[in-house]
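Here is the structure we will look at, set down as structure tokens.
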Amino acid sequence: MIKFIVASHLLFYAATNTIADTIYQWSDPWGQIQYSKTPVPGAMVSDLTELPEALETTEQQKQEAMVRKLQELRQKNLQRIQQQGIQERSKAQALETKNHCNHLRNLMTDIQLYNLWQYSIYGAPLFTGYYGHLQYDLSKEIHSKCR
């Protein structure tokens with residue numbers, strides 16, 4: 001019976017020593033990695049089995065971390081402004097192309113109506129489908145740029 005009690009105490013002691021506390025890690029506002037046994041919002045489970053020594057964050061480290069964060073924010077803001085500029089230029093170019101195509105189509109319609117009136121006898125066209133080189137050039141430009 002004593003052997004059984006000793007064996008069960010040894011098993012219990014071994015089991016409790018092998019089960020380590022969960023260690024959580026997170027980044028504090030100054031960019032330093034922190035560890036604790038209690039979960040903190042935004043923390044993730046660490047691979048460590050023991051808490052490392054707590055290191056004090058100096059004022060210089062805090063300032064350097066804030067400068068790094070400020071530089072990151074400036075960089076992200078600059079990229080966002082550049083993307084907005086690219087999008088605005090793209091929209092302006094698309095609007096310009098649309099206006100140009102509408103203008104070409106209006107010119108084509110005017111030429112067709114003028115030629116229909118000029119080259120017809122009592123409403124019957126003399127040369128059906130032929131409207132001159134200007135219409136040919138306009139139709140080529142419309143087909144190449146306005147699709």
Side-chain angles (χ1 to χ4, degrees), residues 8-147:
S8 64
H9 282 297
L10 285 174
L11 282 173
F12 177 75
Y13 178 74
T16 56
N17 279 345
T18 57
I19 298 174
D21 291 331
T22 303
I23 306 292
Y24 297 95
Q25 78 177 35
W26 73 94
S27 180
D28 66 9
W30 301 282
Q32 303 295 319
I33 302 292
Q34 299 292 332
Y35 299 94
S36 74
K37 291 185 178 184
T38 58
V40 177
M44 56 187 252
V45 176
S46 173
D47 293 336
L48 299 177
T49 56
E50 294 181 7
L51 280 175
E53 289 184 28
L55 298 175
E56 287 294 320
T57 306
T58 65
E59 193 64 34
Q60 182 178 0
Q61 288 174 326
K62 291 178 184 179
Q63 288 178 354
E64 289 172 353
M66 287 197 296
V67 167
R68 277 194 309 272
K69 282 197 171 196
L70 183 62
Q71 289 173 341
E72 289 173 8
L73 288 174
R74 285 182 181 164
Q75 184 70 21
K76 286 179 183 177
N77 190 30
L78 179 63
Q79 289 174 348
R80 183 182 54 80
I81 290 171
Q82 288 174 343
Q83 286 297 326
Q84 285 177 343
I86 290 171
Q87 289 174 351
E88 288 176 7
R89 283 191 297 275
S90 176
K91 287 179 183 178
Q93 186 178 11
L95 183 62
E96 185 178 322
T97 302
K98 180 180 175 182
N99 289 338
H100 180 69
C101 289
N102 285 337
H103 180 70
L104 289 175
R105 287 185 182 107
N106 289 338
L107 282 175
M108 177 69 85
T109 303
D110 290 344
I111 290 171
Q112 288 174 345
L113 288 175
Y114 175 75
N115 285 338
L116 181 64
W117 178 79
Q118 186 174 6
Y119 297 116
S120 64
I121 299 177
Y122 303 113
L126 294 177
F127 306 108
T128 57
Y130 176 75
Y131 300 105
H133 292 290
L134 183 58
Q135 182 189 0
Y136 177 74
D137 294 340
L138 280 174
S139 67
K140 275 180 51 176
E141 190 168 350
I142 288 172
H143 286 289
S144 66
K145 294 184 179 178
C146 301
R147 289 273 169 169

Within this structure, what is the [atom1]-[atom2] distance for the pair [X] and [Y], rounded to the nearest 0.5 Å?
{"X": "Leu138", "Y": "His143", "atom1": "CG", "atom2": "NE2", "value": "11.0 Å"}
{"X": "Glu96", "Y": "Asn99", "atom1": "CD", "atom2": "CG", "value": "8.0 Å"}
{"X": "Arg74", "Y": "Leu78", "atom1": "CZ", "atom2": "CG", "value": "11.0 Å"}
{"X": "Asn106", "Y": "Ile111", "atom1": "CG", "atom2": "CD1", "value": "11.0 Å"}
{"X": "Asn102", "Y": "Ile142", "atom1": "CG", "atom2": "CD1", "value": "10.0 Å"}
{"X": "Glu141", "Y": "His100", "atom1": "CD", "atom2": "NE2", "value": "4.0 Å"}

Pairs satisfying side-chain hydrogen bond (donor to acceptor under 3.5 Å, both in side chains), at least one member in residues 78-88, at least two apart: Asn77-Arg80
Verdict with reasoning, Lys37 to Ile23, per side-chain contact (heavy atoms from CB on, under 4.5 Å): CA-CA 5 Å; Lys37 291 185 178 184; Ile23 306 292; 4.0 Å; yes
Pairing residues for His103 by the side chain to side chain donor-acceptor pair (under 3.5 Å) criterion, not counting sequence neighbours: none
Contact check, side chains of Gln71 and Gln75, non-hydrogen atoms, under 4.5 Å: no
Nearest heavy-atom neighbours spanning Cys146 and Arg105: O-NH2, 3.2 Å
Shortest non-hydrogen separation from Thr38 to Tyr24 and the atoms involved: C-CD1, 3.6 Å
